[in-house]
Amino acid sequence: MTFDASETTATDNDPHANDAAPYGGGDPYADYRTGDFPFTDLVDLADRRLGAGVIAANDEFFAERENLLIRERAVFDPEHFGHKGKIMDGWETRRRRGIDAAHPFPAPEDHDWALVRLGAPGIIRGIVVDTAHFRGNYPQRVSIQATSVEGSPSPSELLADDVKWEEIVPPTPVRGHAANGFEITGGRRYTHIRLCQHPDGGIARLRVHGEVLPDPTWLATLGTIDLIAVLNGGAYEDASDRFYSSPTQIILPGTSRKMDDGWENRRRRVRDTNDWVRFRLVAQGAVRAVEIDTAYLKGNAAGWIALQGRNGETGEWFDIIPRTELQPDTLHRFPLRAQAVVTHVRLDAFPDGGVARMRLHGTLTESGAAELAARYEESGA
């Protein structure tokens, strides 16, 4: 586990070294401290759009735990107060106290916690604990534990003595009004995490980046699945352009709800070139039908698309759908004359423009199912 400690200087002798300056007016993000975390290109396993949720917390006196998973960055209104005090856009607990007047500070082991159900169980590669706008009221340290419990366990079941939690981030100092990144090593598959604040404070947002690893038994039960869906283990690998939005949004569940809920690139000005995005299927699969949706993309949808596939990392690319005209704000369905056995696909947009969603309907091949089952077993699930 690696923490971006470039600006973290808090010690027991100076516990306020990581405080941000008090808000002085103007743009509250002007002095926000961010970081370059390469793992943020991976899927957020705690994305509400995948079904994630903050299912319990021991305290949320000042601000609700659900704010942790809001997709938009935290907002700050210096004049927004309620009956309990300043209203913050995040999860904030009350100030902990000691046991009596002679011991006013909390004990070293005292902390607050929140339980998070991952929307897509998988292997965690990095976590961002964002303390935006918590300048002097952020936690001194955070720690994160993870576990794997299948089904739909209740908070009380997750907190039972027989549930084994693994500490993937030990108690570590964090900065106020900053993005605090933690790189996670190891290959275990997790379904839930427990975010702990030591001893108390506020956190604006939580992001849990990693690789989705679905239950192969569930996929086999379903039979025909979307082989490229994030929830089924599909992943975006690379793209020519990510100017307006991430290509990962093409393979999110459900239909898009607005124009930016898909993949949109900038306007291409170089002739005889085009935009493209490449995806990796969960495992080798046989594709029988494709859906391309341009919902809400009315004046900026791709003019034409083509879809290619390959079998294996070094396989030759071949046409699945030749260059085909698209209509704006429309769902397009393409039944294939012959199934396409692939591990990767590449969607080309001519010359540029957006795509809201793409679905690859089919089944895992015998080889693909065996490979997924082996990965699942290796993850300790």
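- Follow the hydrophobic side-chain contacts under 4.5 Å out from Y190 and you never reach V163; the two are in separate clusters.
- No side-chain heavy atom of Q249 sits under 4.5 Å from any side-chain heavy atom of Y236.
- Looking only at side-chain heavy atoms (C-beta outward), R205 and D89 come within less than 4.5 Å of each other.
- One distance of note links OG1 of T314 with CG of N311; it measures 9.5 Å at 0.5 Å rounding.
- In this structure, V129 and L195 have side chains that are in contact, with non-hydrogen atoms separated by less than 4.5 Å.
- Remark: R257 is not positioned above the aromatic ring of Y296, lacking an NZ or CZ atom under 6.0 angstrom from the ring centre and at most 45 degrees off the axis.
- Closest approach of A306 to F350, counting heavy atoms only: CB-CE1, 3.8 Å.
- Within the 3.5 Å criterion, the main-chain N or O of H111 finds a donor-acceptor partner in the side chain of R96.
- For the pairing with R268, the side-chain hydrogen bond (donor to acceptor under 3.5 Å, both in side chains) check across T273, D241, D352 returns one residue only, T273.
- Distance check: I305 CD1 to D275 CG gives 14.0 Å after rounding to the nearest 0.5 Å.
- Nearest heavy-atom pair across V116 and L69 is CG1-CD1, 4.3 Å.
- No single ILVMFWY cluster, assembled from side-chain heavy atoms under 4.5 Å apart, contains both F61 and Y138.
- No single ILVMFWY cluster, assembled from side-chain heavy atoms under 4.5 Å apart, contains both I70 and L118.
- Between S240 and N265, the closest side-chain pair of non-hydrogen atoms is not below 4.5 Å.
- Judged purely by atom type and a 3.5 angstrom limit, T343 has no side-chain atom pairing as donor or acceptor with the backbone of A283.
- When all heavy atoms are compared, the tightest approach of L231 to A120 is CD2-CB, 3.9 Å.
- Counting heavy atoms from C-beta outward, L50 and P253 have side chains that approach closer than 4.5 Å.
- Note that CG of L297 is 9.5 Å distant from CG of D260, once rounded to the nearest 0.5 Å.
- Hydrophobic clustering (ILVMFWY, side-chain heavy atoms < 4.5 Å, transitive): I225 and V342 are in one cluster.
- Using cut-offs of 30° and 60° on the angle between ring planes, the pair F334 and H332 is parallel.
- Here the closest heavy-atom approach between residue S152 and residue E157 is recorded as O-OE1, 4.3 Å.
- Taking the six-membered ring where tryptophan is involved, the planes of F76 and Y23 are perpendicular, since the angle between them exceeds 60° and thus also 30°.
- Electrostatic pairing of E150 and R189 counts as a salt bridge here, judged by a charged N lying under 4.0 Å from a carboxylate O.
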Legend entry - Stepwise side chain to side chain donor-acceptor pair (under 3.5 Å) check, Y32 with D130: CA-CA 10 Å; Y32 175 74; D130 187 352; 2.9 Å; yes
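- Seen from the ring of W317, R346 does not count as a face-on cation partner, given the 6.0 Å and 45° thresholds.
- The CZ atom of R65 sits 14.0 Å away from the CG atom of L206 when rounded to the nearest 0.5 Å.
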Legend entry - Intermediate values then yes/no, side chain to side chain donor-acceptor pair (under 3.5 Å), T224 and R288: CA-CA 9 Å; T224 298; R288 294 196 290 267; 2.7 Å; yes
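- At distances below 3.5 Å, at least one donor-acceptor pair connects side-chain atoms of T294 with backbone N or O atoms of T330.
- Put simply, the side chain of V345 reaches to within 4.5 Å of the side chain of L281, judged on heavy atoms.
- Once rounded to the nearest 0.5 Å, the distance linking OG1 of T324 with CG of D348 reads 11.5 Å.
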Inset, instruction - Determine, stepwise, if the pair R194 / C196 fulfils side-chain contact (heavy atoms from CB on, under 4.5 Å). - result: CA-CA 6 Å; R194 179 160 55 190; C196 300; 4.0 Å; yes
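- A side-chain contact (heavy atoms from CB on, under 4.5 Å) with V212 is found for one member of V230, N232, V282 and no other, namely V230.
- Taking the six-membered ring where the residue is Trp, H209 and F39 present tilted rings, their angle falling between 30° and 60°.
- What you find for R280 and I228 is that their closest heavy atoms are O-CD1, 3.9 Å.
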Legend entry - Trace of the salt bridge (Lys or Arg N to Asp or Glu O under 4.0 Å) decision for E264 with R242: CA-CA 7 Å; E264 183 189 359; R242 297 176 290 273; over 6 Å; no
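- Note on V43 and L252: same hydrophobic cluster, where clusters join Ile, Leu, Val, Met, Phe, Trp and Tyr whose side-chain heavy atoms are under 4.5 Å apart, directly or indirectly.
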Inset, instruction - Would you sort out whether I55 and L158 count as a side-chain contact (heavy atoms from CB on, under 4.5 Å), showing the intermediate values? - result: CA-CA 10 Å; I55 61 175; L158 289 168; 3.5 Å; yes
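- When atom types are taken as modelled, the side chain of T131 and the backbone of I203 share no donor-acceptor pair closer than 3.5 angstrom.
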Inset, instruction - Tell me, with the steps shown, if M358 and E291 meet side-chain contact (heavy atoms from CB on, under 4.5 Å). - result: CA-CA 5 Å; M358 179 170 70; E291 287 183 297; over 6 Å; no
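- The backbone N or O of D59 sits less than 3.5 Å from a side-chain atom of W91, completing a donor-acceptor pair.
- The 12-atom threshold is exceeded at CH2 of W113, counting heavy atoms of other residues, nucleotides or ligands nearer than 6.0 Å.
- Residues S367 and T365 have side chains that never bring a donor and an acceptor to within less than 3.5 angstrom of each other.
- Side chain of T172 to main chain of P170: a donor-acceptor pair is present (N/O by atom type, distance under 3.5 Å, no hydrogens or angles).
- Within a 6.0 Å sphere centred on OH of Y29, heavy atoms belonging to other residues, nucleotides or ligands number more than 12.
- Side-chain atoms of I87 and F81, non-hydrogen and from C-beta on, never get closer than 4.5 Å to each other.
- Because its NZ or CZ atom is not both nearer than 6.0 Å to the ring centre of F62 and within 45° of the ring axis, K86 does not count as a cation-pi partner of that residue.
- The backbone N or O of R359 lies less than 3.5 Å from no partner atom in the side chain of R357, so there is not a single donor-acceptor pair.
- Under the 4.5 Å side-chain criterion, counting only non-hydrogen atoms from C-beta, R71 is in contact with R207.
- A donor-acceptor contact shorter than 3.5 Å is absent between the side chain of R117 and the backbone of V54.
- With values rounded to the nearest 0.5 angstrom, F279 atom CZ is found 10.5 Å from D238 atom CG.
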Legend entry - Derivation and outcome, side-chain contact (heavy atoms from CB on, under 4.5 Å), residues I123 and R188: CA-CA 6 Å; I123 299 171; R188 289 190 59 83; over 6 Å; no
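- Side-chain atoms of D319 never come within 3.5 Å of backbone atoms of I321 as a donor-acceptor pair (strictly under, hydrogens ignored).
- Shown here is E109, whose CD atom has more than 12 heavy atoms of other residues, nucleotides or ligands within 6.0 Å.
- Under the 3.5 Å distance criterion, the side-chain polar atoms of D110 are matched with a main-chain donor or acceptor of A107.
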Legend entry - Verdict with supporting geometry, S256 and D261, side chain to side chain donor-acceptor pair (under 3.5 Å): CA-CA 5 Å; S256 64; D261 191 14; 5.1 Å; no
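- Shortest non-hydrogen contact noted between I184 and V169 is CD1-CG2, 3.6 Å.
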